[in-house]
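This structure is a prediction, so every number in the text was calculated from the model and none was measured. Heavy atoms only: backbone and side chains are in, while hydrogens, waters and symmetry mates are out.
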Amino acid sequence: MIDLRPADSVAYDIVSLGEVMLRLDPGDSRVHTARRFTAWEGGGEYNVARGMRRCFGKRAAVVTALVDNGVGRLIEDLMLQGGVDTSHVRWVADDGIGRQCRNGLNFTERGFGVRGAVGVSDRGNTAVSQLEAGDIDWDHIFGTLGSRWFHTGGIFAALSESTAGVVLEAVQAARRHGTCISYDLNYRPSLWGSIGGIDRAREVNREIAPYIDVMIGNEEDFTACLGLEIDGVDENLTELPVDSFHRMIKNAVEQFPNFKAVGTTMRSVKSASINDWAAVAWSADDGFVESTHRPGMEIYDRVGGGDSFASGLIYGLLEGEPIGTAVEYGAAHGALAMTTPGDTSMATKDEVVRLARGGSARVRR
């Protein structure tokens with residue numbers, strides 16, 4: 001059973017820690033041929049808080065850092081449109097050309113058919129990557145204000161030499177104040193490459209893992225970040241044997257008995273436009289459960305699907321639902337998020353609940 005602080009005793013239902021970038025989307029074109037881009041905000045950890053606020057109506061805040069210039073204020077405006085509390089954004093002075101500190105940009109094309117989605121990140125020397133332990137008053141956030149849930153992940157931990165220390169400081173403070181903690185492993189080789197590679201990723205994530213209540217990730221994340229191998233999965237992820245996921249999660253729980261729940265997505269990529277999609281989860285109360293399997297699911301924009309899975313799973317657990325219901329919410333929310341453009345979900349709670357309960361795509365008038 002996950003112990004949660006009473007909702008009326010805290011300011012927030014969820015607080016997320018992570019980078020928020022400006023996503024520039026070429027639509028149906030490609031990054032290197034586009035002449036117009038749509039601007040969105042996005043970030044692995046932030047997307048979870050935004051989904052909790054916009055889809056599920058929960059009180060959400062983000063802890064991040066931005067340069068105080070037009071781009072930073074545009075990102076803030078987009079976050080405000082998402083309903084996320086930005087009062088914990090750390091604003092950094094603009095040096096005029098971004099030599100010392102800047103805001104991150106993420107150019108992402110969606111892919112189609114045999115052409116996979118591509119992300120081109122421009123995030124060197126970002127304000128949030130320069131956060132260090134001691135910069136954020138976590139006792140104020142988790143103690144004075146209070147939050148029922150805290151979410152962060154491996155993308156933020158990999159941004160620089162110092163950000164893993166910020167994560168450790170945050171999870172320790174959250175633990176002191178009785179806040180439930182979730183973590184999405186979200187392994188990105190490009191981020192870890194210059195600061196020690198996969199060995200450093202495992203060192204950092206295994207140091208953080210003992211503080212986590214709900215661990216989230218896919219098969220690559222658990223292997224790369226925690227060193228937990230999954231048998232029977234080929235390198236192209238065309239087949240995903242459920243029994244192998246069960247063994248991987250069982251191994252994770254044996255190594256980290258503090259995990260109260262584990263959730264992992266199962267995505268088999270047939271093409272950029274067609275994926276098999278499902279999720280498997282485990283809780284100390286209910287053991288293993290699986291979501292509805294959605295073979296041949298059509299994808300419009302896959303980026304952010306895993307983050308929406310995380311927010312749906314967290315919402316279910318925050319509402320006191322059994323893990324079987326929570327994983328259905330997560331899988332349904334992730335599926336719906338991949339039907340619309342941008343990193344963040346445009347789904348409503350009613351749509352998620354309807355799909356989780358077996359609803360169809362028939363027109364509703």
Side-chain angles (χ1 to χ4, degrees), residues 16-26 30-32 34 37-50 62-79 82 84 86 88-110 117-132 135-136 151-167 170 184-198 200-201 204-205 221 224-225 301-304 306-307 342-344:
S16 282
L17 164 67
E19 181 169 54
V20 188
M21 295 192 293
L22 185 68
R23 173 176 169 177
L24 297 172
D25 184 345
R30 305 201 63 186
V31 169
H32 69 277
F37 293 86
T38 301
W40 314 90
E41 88 282 24
E45 298 85 5
Y46 161 80
N47 293 343
V48 176
R50 190 189 188 282
V62 63
V63 177
T64 192
L66 295 168
V67 175
D68 194 357
N69 59 20
V71 175
R73 292 297 174 178
L74 171 57
I75 296 171
E76 178 196 34
D77 190 63
L78 291 165
M79 290 192 292
V84 177
T86 60
H88 305 294
V89 174
R90 183 180 175 89
W91 290 99
V92 179
D94 185 9
D95 66 12
I97 60 173
R99 177 182 290 119
Q100 298 175 338
C101 200
R102 52 195 295 274
N103 296 303
L105 306 178
N106 183 23
F107 297 80
T108 303
E109 57 186 61
R110 301 170 196 161
V118 177
V120 182
S121 295
D122 180 16
R123 68 200 309 175
N125 299 321
T126 56
V128 73
S129 72
Q130 298 179 42
L131 284 180
E132 297 181 353
D135 285 346
I136 306 297
H151 179 76
T152 189
I155 292 178
F156 176 75
L159 289 182
S160 70
E161 298 277 5
S162 65
T163 51
V166 179
V167 172
D184 192 334
L185 291 162
N186 251 336
Y187 178 64
R188 298 290 186 272
S190 59
L191 293 179
W192 289 104
S194 63
I195 56 172
I198 194 169
R200 178 59 176 162
V204 166
N205 284 290
D221 298 332
C225 297
D301 184 349
R302 67 165 284 170
V303 178
D307 302 330
D343 278 37
T344 57

Stepwise side chain to side chain contact (heavy atoms under 4.5 Å, CB included) check, E76 with V89 | CA-CA 9 Å; E76 178 196 34; V89 174; 6.0 Å; no

With rounding to the nearest 0.5 angstrom, report the [atom1] to [atom2] distance, [X] to [Y].
{"X": "D77", "Y": "T86", "atom1": "CG", "atom2": "OG1", "answer": "10.0 Å"}
{"X": "D307", "Y": "N47", "atom1": "CG", "atom2": "CG", "answer": "4.5 Å"}
{"X": "L74", "Y": "M79", "atom1": "CG", "atom2": "CE", "answer": "10.0 Å"}
{"X": "M21", "Y": "N103", "atom1": "CE", "atom2": "CG", "answer": "11.0 Å"}
{"X": "S194", "Y": "E161", "atom1": "OG", "atom2": "CD", "answer": "7.5 Å"}
{"X": "N205", "Y": "Y187", "atom1": "CG", "atom2": "OH", "answer": "10.0 Å"}

From V303, D343, D301, residue fulfilling side chain to side chain contact (heavy atoms under 4.5 Å, CB included) relative to D25 |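 Among V303, D343, D301, the one that satisfies the side chain to side chain contact (heavy atoms under 4.5 Å, CB included) with D25 is D301.
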
Taking [Y]'s backbone N and O only, do any of them form a donor-acceptor pair with [X]'s side chain (distance below 3.5 Å, no angle check)?
{"X": "S129", "Y": "S160", "result": "no"}
{"X": "T64", "Y": "G18", "result": "yes"}
{"X": "D95", "Y": "Q100", "result": "yes"}

What are the two closest heavy atoms between [X] and [Y], and how far apart are they?
{"X": "W192", "Y": "A158", "value": "CE2-CB, 3.2 Å"}
{"X": "T163", "Y": "F156", "value": "OG1-O, 2.8 Å"}
{"X": "T126", "Y": "C101", "value": "C-SG, 4.2 Å"}
{"X": "A117", "Y": "R110", "value": "CB-O, 3.2 Å"}
{"X": "A34", "Y": "P26", "value": "CB-CB, 3.6 Å"}
{"X": "E109", "Y": "V31", "value": "OE1-N, 2.9 Å"}

Do [X] and [Y] come close enough that some side-chain heavy atom pair is under 4.5 Å?
{"X": "T152", "Y": "V63", "answer": "no"}
{"X": "H32", "Y": "F107", "answer": "no"}
{"X": "L22", "Y": "V71", "answer": "yes"}

Step by step, work out the side chain to side chain contact (heavy atoms under 4.5 Å, CB included) result for Q130 and N125.
-> CA-CA 7 Å; Q130 298 179 42; N125 299 321; 4.1 Å; yes

Derivation of the side chain to side chain contact (heavy atoms under 4.5 Å, CB included) call for L159 and L131 = CA-CA 10 Å; L159 289 182; L131 284 180; over 6 Å; no

Among H151, E19, E41, which residue meets the side-chain hydrogen bond (donor to acceptor under 3.5 Å, both in side chains) test with Y46?
->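 In the set H151, E19, E41, the residue that makes a side-chain hydrogen bond (donor to acceptor under 3.5 Å, both in side chains) with Y46 is E41.
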
Starting from the C-alpha separation in whole Å, work towards a yes-or-no answer on side chain to side chain contact (heavy atoms under 4.5 Å, CB included) for L17 and V166.
-> CA-CA 9 Å; L17 164 67; V166 179; 4.1 Å; yes

Just grab all the salt bridge (charged side-chain N to carboxylate O under 4.0 Å, His left out) pairs involving residues 97-106, residues at least two apart or on different chains.
->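 Of all non-adjacent pairs touching residues 97-106, those that pass salt bridge (charged side-chain N to carboxylate O under 4.0 Å, His left out) are R102-D122.
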
